[in-house]
Amino acid sequence: MLRTKTCGELNSAHVGQTVTLAGWVDKYRDHGGVVFIDLRDRYGITQVSFKLDTASEIQEIAQELRHEDVVQVTGEVVSRGEGNINPKLSTGEIELLAKTVVLLNKSRTPPFEPRGETLPNEELRLQHRYVDLRRPALQRNMILRHKLTKAVRDYFDNLDFLEIETPILGRSTPEGARDYLVPSRVHEGSFYALPQSPQLFKQILMVAGYDRYFQIARCFRDEDLRADRQPEFTQIDIEMAFVEYDDILDTVDGLVKAMVKSARGIDFPTPLPRYTHAEVMEKYGTDKPDLRFDLPIANISDLVGDSDFGVFKNTVEAGNFVRGLCIKGGADKYSRRILDNDLKGLVGEYGAKGLAYFKVTDGKLDSSIAKFFNDEQQQAIIARMQGENGDLLVFVADTWKVSCAALAALRNFVGKDQQLYDPKAISCLWVVDFPLFTWNAEENRWDAEHHPFCAVRPEDEGYFQTDPGKIRAQSYDLVCNGYEAASGSIRIHDPAIQQRVFDLLNITPDEAERRFGFLLNALRYGAPPHGGIALGLDRWVMLFAGCDNIRDVIAFPKTQRASDLMLGAPSEVDARQLRDLHIKLDLPEENA
RNA sequence: GGGGCGGUAGCUCAAUUGGUUAGAGUACCGGACUGUCGAUCCGGUGGUUGCGGGUUCAAGUCCCGUCCGCCUCGCCA
């Protein structure tokens, strides 16, 4: 070993010992007769002092040291003495008095310094990820990620789960997200697909009798990125046989408890609250509400249908909705200009054509449009919104879908803007009873809301003929701080039910056989009732780390255009490689 | 595919209405200094203003195109 201690562990108890440290030069302070080096490794920072009266070659090396040089220092741990203690460092009571120093590797002047308080732009950080990853903030995230996965493995191990790996090279199925494809050399013209999730494999593992499975699984989806979405990401994938709905939820409640314990050291109250899909859409406008704050949506459609305000009236007459939020004390927080520009613009992004608003003043509505509402209507609106003097009432009049999306976005904005919650808080809920199908108006057909293998609530089976939109799935999402943090379902194990689902989705038996034949086959050979769920590991690390960006919890993330700026991936390949794969490029003109 | 923000010294940023030689802090280089911990002091180097075109007497600034990064809508069963 090139070191006997790390830079984070020395304290007064070690005074008098001779130790060897190795690490990076975090900072140097050259006083001529004495040189101080803050030596950094992932465990911490220890000050090293080089004195003039020591050997001259030590002095020489010490004065040459610059940021990010890699050095090995042997010396004596000495007390800094009164007045020289640095309370900012855990090792601040001591320093290492250098006896020998070896410059293990000189660094070029780094593009930025890991200790810098202002972060350089992300492009530069991603190009030099090895420097970025030296920053304590990112190191904390990587350590947290390790601790969480360890807690997950321990939790499942204690419950007799088996961690089983499934293939990365799989088969493309047209459902769901766009696949990443890998050409086969041996099978000319054929392609593997990288898994969007191990969904089908884990169901097949249930058929195979591995009744408690989990995996920390890498998944790939070739879709556009977001702050919380990467093209490759990690799921905590779970499947259980001989279980019912509640068994999965209970198991995950325990997992969340174990993760919170590991990340925050606290006992998280479980069971996590359960809301129906219909409930959260009504009250929060989204299937992933952030419940760190309340700020519910209220529906006033029934109160304003016969008002003189044309926009509201016409909306209600068309069978649409007038819904809104009551922003407590918001009357003097949002000016007319902000409401008419910023907030209207915000809801506009979700398709809302306008934003109506009123202040509550002297128990009445106060606004340029208040005159269209008589006293009775005003009182009814204020009561429904639970408004008080000084509150701001904002409304979106639109279709159900648009009012949901616009108000959910507005709710999130206000929650953050008005600091209605502690950003470090963790607030989880289950959203259950999702519809099995959603009507796709453009394509004039039913789509699977989750995936076509979701089990049906037995009491809803009658709706297959009459009203498929009313069928509730035995599916569940776990939502945390406004993120979809897990999603799963009890699966169909009965081929007859499976066929009815395919029928409704307009998937013919032939087509089903061609696309999912391997799964359907497996289900025919003794499939136990089973179900499962997958948690987005990256998002959980984000939540616990308190960061709002998934790249900061992934060691080597990709940019929004899915490139790796450090590797320069993706890249062109040799003509020979393409020839082996029988691939000819057919690029658009401008790129040719 | 659509909308928005950004790109000026190694880094973080500034630069009035389009107007002199594009500045500051930090880093880097040289010098001084035996107790600093954002060390200090003195001096210095450092610029394809992302790239290409245009308007203009004059462009970091205005216009068009393009590349890259971020946020977002669509998309993500």
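All chains are named by letter (A, B, ...) in the order of the sequence lines, taking the proteins before the strands, and each is independently numbered beginning at 1. The figures that follow rest on heavy atoms only: side chains count, while hydrogens, waters and symmetry mates do not.
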### Task
Name the orientation class of the two ring planes belonging to A:Phe434 and A:His277 (parallel below 30°, tilted from 30 to 60°, perpendicular beyond 60°).
tilted

Close N or O pairs between protein and nucleotides 42-47 of chain B (under 3.5 Å):
none

## Note on the structure
If pairing means Watson-Crick or G-U wobble with both distances under 3.5 Å, then the partner of B:rC33 is none

### Message
Checking A:Tyr421 against A:Asp290: is there a side-chain donor and acceptor pair closer than 3.5 Å?
### Response
no

### Message
At less than 4.0 Å, is any side-chain N or O atom of A:Lys88 found next to OP1 or OP2 of B:rG38? Yes or no.
### Response
yes

#### Entry: Strand partner of B:rU49, provided both Watson-Crick or wobble distances fall under 3.5 Å
none

### Complementary nucleotide for B:rU56 - Watson-Crick or wobble, under 3.5 Å
none

### Query
Counting side-chain heavy atoms from C-beta on, which of B:rC70, B:rC28, B:rG35 comes nearest to A:Phe36?
B:rG35

### Message
Looking at the base of B:rC76, is there any donor atom on it, or on the side chain of A:Arg229, that sits under 3.5 Å from an acceptor on the other one?
### Response
yes

### Summary
Comparing A:Lys27 with A:Glu95, nearest RNA chain B nucleotide closer to 5' gives the residue A:Glu95

### Task
Go through residues 345-355 of chain A and report each residue with a non-hydrogen atom lying under 4.0 Å from RNA chain B, sorted by number.
A:Glu349, A:Tyr350

### Task
Return the nearest nucleotide to the side chain of A:Arg226; candidates are B:rA39, B:rG74, B:rG69.
B:rG74

Provide a list of protein-nucleic acid N or O atom pairs under 3.5 angstrom, restricted to nucleotides 9-13 of chain B.
| residue | atom | partner | partner atom | Å |
| --- | --- | --- | --- | --- |
| B:rG10 | O2' | A:Pro111 | O | 3.4 |
| B:rC11 | O4' | A:Pro111 | O | 3.4 |
| B:rU12 | OP1 | A:Asn121 | N | 2.7 |

### Query
In whole Å, what separates the P atom of B:rA9 from that of B:rU61?
15 Å

### Task
Give the ring-plane orientation class for A:His67 versus A:Tyr28, where under 30° counts as parallel, over 60° as perpendicular and anything between as tilted.
tilted

### Task
Would you indicate, yes or no, if B:rC71 has its OP1 or OP2 atom less than 4.0 angstrom from a side-chain nitrogen or oxygen of A:Gln560?
yes

### Task
Mark yes or no for a side-chain to base donor-acceptor pair under 3.5 Å between A:Arg561 and B:rC67, with no hydrogen or angle criteria applied.
no

### Task
Indicate the ring-plane relationship of A:Tyr130 and A:His128, choosing parallel, tilted or perpendicular according to the 30° and 60° boundaries.
perpendicular

